[in-house]
Amino acid sequence: GELPPSAEQCFASGVPLSRIDALGPLGRSIDGRANAVAEVSGTLDAMVADVDARVGPTRIGRATLPGSELHVHLEPTRVPPKTIGKTPCGRPMTGPFDPAAYAADPSNGIFHLKGQVFGGQIAFDDLQVTFQRSKVVRGTVVTRHLDLGALSELSPLVALSDSRVDGHFSGTVVIAQLPLEHAGSAVATLDVSELRVGRGGLHVELAGPARLATNQRRLQISGVTLAAIAPTGERALFDVTGDVQGLGAAPKVALTLALRPTDLGALGRLLPGTDRVAGNLAGQLVVGGTWPHLVESGKLRLSNGELAL
């Protein structure tokens, strides 16, 4: 069948995010309202749709994030219908239901998404989602100074604690293929330019740009250096290498955190009652096993150590 020649419009105003089923349990943890306008045209087999949505400031626990804007365009895949003849008035007659075609789950079109979330902290231009039961996502998502402290309020342990988390994340995700029903099979890269998270004065941050890649159910980690920073400014650097295999099933973890030689003299002020601390500390921690049953092992090496009380 065909839709009316003129496009049909639908409006939604002031819809609480908690009432949007697509958000699932997440919707019950956030407070905000959405407005949307949708315009639909085309045929039932080749539907064209445009949706513009706006979400006001969104409250998550004790934090409030800026508003968001989203435009969605559905471009149908135009496939001529299979006909078995014509009606007495000359209209084409389609064939009976085809179980094989239904099981093949072909894409009936592409959703093209463009917009920004939380005042531009997350942005995408032509993020594509296939229109089928087993949807596949492709495209690029850019994050700029994403407020990790606000997002951490989604955790009840954080939301109920007097000590708040603070931190930010910036990076670019390039998604070659992300099957939503089998996310472990994703083919994607993540370039991280900023990562900093802390609580109670202690912070961990990315010491330099890093890239993570996932392919064939494997997440590869290399060239990642993290800095642990004490409240008084002392730093310790950890090089992280390894991989996680079997994503989407029973992931097998093999990670190594190597502590670069660290001057203990700089950490002396963290040890009350000491007059002098000297030496260099280095070592590594190895984490392995099948998630979540991980085993940790490692060792530390102290050279030229000295302690005066």
Side-chain angles (χ1 to χ4, degrees), residues 20-24 26-27 34 36-55 68-80 101-146 148 151 169-195 209-224 243-249 251:
I20 300 178
D21 292 340
L23 295 177
L26 177 64
V37 178
E39 187 174 277
V40 183
S41 61
T43 67
L44 296 179
D45 292 328
M47 187 180 301
V48 179
D50 284 280
V51 180
D52 285 292
R54 289 178 173 80
V55 179
S68 307
E69 297 180 352
L70 175 66
H71 175 76
V72 181
H73 171 70
L74 171 58
E75 183 66 30
T77 300
R78 303 184 185 276
V79 179
Y102 178 81
D105 190 25
S107 175
N108 294 318
I110 302 290
F111 291 99
H112 297 268
L113 286 69
K114 179 179 181 179
Q116 58 82 18
V117 181
F118 305 144
Q121 294 183 29
I122 303 174
F124 37 86
D125 187 358
D126 198 24
L127 184 67
Q128 300 181 12
V129 183
T130 58
F131 184 23
Q132 59 189 138
R133 296 192 304 279
S134 300
K135 292 178 173 55
V136 179
V137 179
R138 298 180 177 89
T140 300
V141 179
V142 179
T143 61
R144 300 182 181 90
H145 213 53
L146 179 62
L148 299 180
L151 296 182
F169 174 84
S170 298
T172 300
V173 184
V174 178
I175 305 170
Q177 179 171 291
L178 171 58
L180 293 183
E181 291 190 357
H182 305 283
S185 301
V187 179
T189 58
L190 169 61
D191 289 296
V192 185
S193 57
E194 175 193 26
L195 174 61
R211 166 171 285 196
L212 307 181
T214 176
N215 192 5
Q216 298 181 341
R217 296 184 178 274
R218 180 189 182 209
L219 173 65
Q220 179 69 33
I221 302 172
S222 62
V224 177
D243 63 13
V244 181
Q245 301 191 44
L247 296 175

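Nothing fancy with the numbering, it's 1 onward along the sequence.
Side chain of Ser193 to main chain of Pro209: no donor-acceptor pair is present (N/O by atom type, distance under 3.5 Å, no hydrogens or angles). Judged purely by atom type and a 3.5 angstrom limit, Arg211 has no side-chain atom pairing as donor or acceptor with the backbone of Gly223. Remark: side-chain polar atoms of Thr172 are not paired, donor with acceptor, to backbone N or O of Val142 under 3.5 angstrom. Side-chain atoms of Ser68 come within 3.5 Å of backbone atoms of Phe118 as a donor-acceptor pair (strictly under, hydrogens ignored).
The line from CD of Glu75 to CE of Met47 is 13.5 Å long, rounded to the nearest 0.5 Å. Atom CG of Leu74 is separated from atom CD of Glu39 by 13.0 Å, given to the nearest 0.5 angstrom. Between atom CZ of residue Arg54 and atom CD of residue Glu69 there is a gap of 5.0 Å, rounded to the nearest 0.5 Å. The distance from atom CG of Asp243 to atom CG of Leu212, rounded to the nearest 0.5 Å, is 12.0 Å. Note: Lys135 NZ to Leu180 CG = 8.0 Å, rounded to the nearest 0.5 Å. Atom CG in Leu190 sits 9.0 Å away from atom CG in Leu219 (nearest 0.5 Å).
With sequence neighbours excluded, no residue forms a salt bridge (charged side-chain N to carboxylate O under 4.0 Å, His left out) with Asp126.
Of all heavy-atom pairs spanning Asp105 and Ser134, the tightest one is OD2-N, 2.9 Å. Between Ala34 and Val55, the closest heavy-atom pair is CB-CG2, 3.9 Å. The heavy-atom pair separating Ala186 from Leu178 by the smallest distance is CB-CD1, 3.6 Å. Between Arg144 and Gly120, the shortest heavy-atom contact is NH1-O, 4.0 Å.
Proximity of Ile175 to Phe124: side-chain heavy atoms (C-beta onward) are nowhere separated by under 4.5 Å. Put simply, the side chain of Lys114 does not reach to within 4.5 Å of the side chain of His112, judged on heavy atoms. Contact of the Val48 side chain with the Pro76 side chain is registered, since non-hydrogen atoms from C-beta on lie closer than 4.5 Å. Glu194 has its side chain out of reach of Leu146: every pair of non-hydrogen atoms, C-beta onward, lies at least 4.5 Å apart. The shortest distance between side-chain heavy atoms of Leu195 and Leu148 falls below 4.5 Å. In this structure, the side chains of Ile110 and Thr130 come closer than 4.5 Å at one or more pairs of heavy atoms. At a threshold of 4.5 Å between non-hydrogen side-chain atoms, the residues Thr140 and Asp125 do not count as touching.
With a 6.0 Å radius and a threshold of 12 heavy atoms from other residues, nucleotides or ligands, His71 has its NE2 atom above the threshold.
Ser185 and Arg217 share a donor-acceptor pair across their side chains, judged by distance under 3.5 Å alone.
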